[in-house]
Enquirer: 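Attaching a single structure in structure tokens format; questions to follow.
Quick caveat, the model's predicted, so the values are computed rather than measured. Order of the sequence lines sets the chain letters (A, B, ...), proteins ahead of strands, with each chain counted from 1.
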There are 2 protein chains.
Amino acid sequence: MTDSHEDVSDLLPLREPTFLILLSLAEGQKHGYAIIKDVAEMSRDRVTLSTGTLYEALARLLDQLLIERVEEPDEMGSHPGRPRKAYRLTLRGQRAVQAEVNRLQNLIAAAQQRLGLERQGSGD
Amino acid sequence: MTDSHEDVSDLLPLREPTFLILLSLAEGQKHGYAIIKDVAEMSRDRVTLSTGTLYEALARLLDQLLIERVEEPDEMGSHPGRPRKAYRLTLRGQRAVQAEVNRLQNLIAAAQQRLGLERQGSGD
DNA sequence: GCATTATATATCGGATACCGACGTATACAG
DNA sequence: CTGTATACGTCGGTATCCGATATATAATGC
């Protein structure tokens, strides 16, 4: 293991919208519009993705092999709007999410040292 | 309190280099080049700021009133290189750092929910 | 004395990601 | 059959980062 193409460190840091898109897909496969709603909910409405951000990010993440299309067998039959396109995380995508979480944890650890360890709960 | 000009939420998220610059200054006043070395050390050499990133960021942060020039009385007399310019965090800058830390903590909390709470230490 | 090195600030052009605005398409409710 | 919510897509503007380049100065080696 640890092939060269599995190294994901040069994709970091992820910007917040990109990270939240991947994190949303970590829960299971979703189509684009569902990701927008999920990210809004997950962030308690702090982050509302524009469609520009979302669909450009999906194209980029496909290209980077962090996500892949799911050819949904059928099942999600009738619904308003254009035909949905579902995506899921690849193994590489899962690694990228984990690597980004580690980066964030290291950042917070550094911050707590510098700020004298005083903590602030989840202040909004 | 809570004047309108004290609201820093529209400055978030901070990009990693910007956050680390402010965090470095949270320790005490520094000049530019010292920030570069400190950030490298703080991040265990994961982040090495280019001078372009640093000095452009300092100009921007001055403009946003997150940092201010310190007219060093003298004291740091002789040294190689151009005359140093020292900076320190403003109160507003301290608020921005804390707000960013809170954002990061919220992000990690969301991630741990989605990823099933499995933790990975400070993997590098 | 003089070249080299380490320190230090500054600017510029290219690249990337985000974002708002706009456009298209489709199903369902009234 | 008009409106609304859903759904995908593109484009131009903007902010930040980054490598390359330039400049300035003190100490060090010879």
Enquirer: Tell me: CG of Asp10(B) to P of dA15(D), nearest whole Å?
Expert: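 Going from Asp10(B) (CG) to dA15(D) (P), I get 13 Å.
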Enquirer: Looking only at side-chain N and O atoms, does Tyr55(A) come under 4.0 Å of OP1 or OP2 in dC8(D)?
Expert: yes
Enquirer: Please check if the side chain of Arg92(A) supplies one atom and the backbone of Gln64(A) the other of a donor-acceptor pair under 3.5 Å.
Expert: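 It does hold such a pair.
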Enquirer: With a non-hydrogen cut-off below 4.0 angstrom, is Thr18(B) in contact with a base, only sugar-phosphate, or nothing?
Expert: sugar-phosphate
Enquirer: What's Gly52(A) touching, base or sugar-phosphate or nothing? Going by heavy atoms closer than 4.0 Å.
Expert: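 Since a base atom lies under 4.0 Å of Gly52(A), the category is base.
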Enquirer: Identify, between Gly81(B) and Thr51(B), the residue whose nearest nucleotide on DNA chain C lies closer to the 5' end.
Expert: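 Looking at the nearest nucleotide for each, Gly81(B) comes out on the 5' side.
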Enquirer: Mind calculating the distance between CG (Leu61(B)) and P (dT9(C)) to the nearest angstrom?
Expert: 15 Å
Enquirer: Could you tell me which non-hydrogen atom of Ser24(B) sits nearest to which non-hydrogen atom of Arg114(A), and how far apart they are?
Expert: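 Reported closest heavy-atom pair: CA-NH1, 3.6 Å.
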Enquirer: Verify whether one side chain among Thr18(A) and Arg60(A) offers a donor that lies under 3.5 Å from an acceptor in the other.
Expert: yes
Enquirer: Would you find a donor on one side and an acceptor on the other, under 3.5 Å apart, between the side chain of Thr90(B) and the backbone of Leu65(B)?
Expert: yes
Enquirer: The side chain of Glu56(B) is closest to which nucleotide in this list: dC17(D), dG9(D), dT7(C)?
Expert: dC17(D)
Enquirer: In whole angstrom, give the distance that lies between atom CG of Leu66(A) and atom P of dA17(C).
Expert: 11 Å
Enquirer: Using whole Å, what does the distance between atom C1' of nucleotide dC18(C) and atom CD1 of Ile36(A) come to?
Expert: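 For the pair Ile36(A) CD1 and dC18(C) C1', the rounded distance is 14 Å.
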Enquirer: For Arg15(B) and dC18(D), what is the distance between atoms CZ and P respectively, to the nearest whole Å?
Expert: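 From Arg15(B) CZ to dC18(D) P: 7 Å.
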Enquirer: Side chain of Thr53(B), backbone of Leu49(B): donor and acceptor closer than 3.5 Å?
Expert: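 Looks like no, no N/O pair under 3.5 Å.
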Enquirer: So, is Thr53(B) close to the dC18(D) phosphate, meaning a side-chain N or O under 4.0 Å from OP1 or OP2?
Expert: yes
Enquirer: Rounding to a whole Å, what distance do you find between Glu16(B):CD and dA17(C):C1'?
Expert: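 Rounding to the nearest Å, CD of Glu16(B) and C1' of dA17(C) are 16 Å apart.
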Enquirer: Taking CZ from Arg84(B) and P from dA26(D), how many angstroms apart are they, rounded to a whole number?
Expert: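 From Arg84(B) CZ to dA26(D) P: 12 Å.
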Enquirer: Quick check on dA17(C): is either OP1 or OP2 less than 4.0 Å from any side-chain nitrogen or oxygen of Arg60(A)?
Expert: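 Arg60(A) to dA17(C) OP1/OP2: side-chain N or O found under 4.0 Å.
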Enquirer: Report the residue (Thr48(B) or Arg82(A)) whose heavy-atom-nearest nucleotide on DNA chain D is the more 5′ of the two.
Expert: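 Upstream on the strand: Arg82(A).
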Enquirer: Would you mind telling me which of dA27(C), dA25(C), dT7(C) lies closest to the side-chain atoms of Tyr33(B)?
Expert: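 Of the options given, the side chain of Tyr33(B) lies nearest dT7(C).
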Enquirer: Send over the distance from Ile35(B) CD1 to dT7(C) P, rounded to a whole Å.
Expert: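 Going from Ile35(B) (CD1) to dT7(C) (P), I get 16 Å.
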Enquirer: Is the distance from OP1 or OP2 of dA8(C) to the nearest side-chain N or O of His31(B) less than 4.0 Å?
Expert: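 Indeed, a polar side-chain atom of His31(B) lies that close.
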Enquirer: Any side-chain N or O of His79(B) less than 4.0 Å from the OP1 or OP2 oxygen of dA27(D)?
Expert: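 No, no such contact exists.
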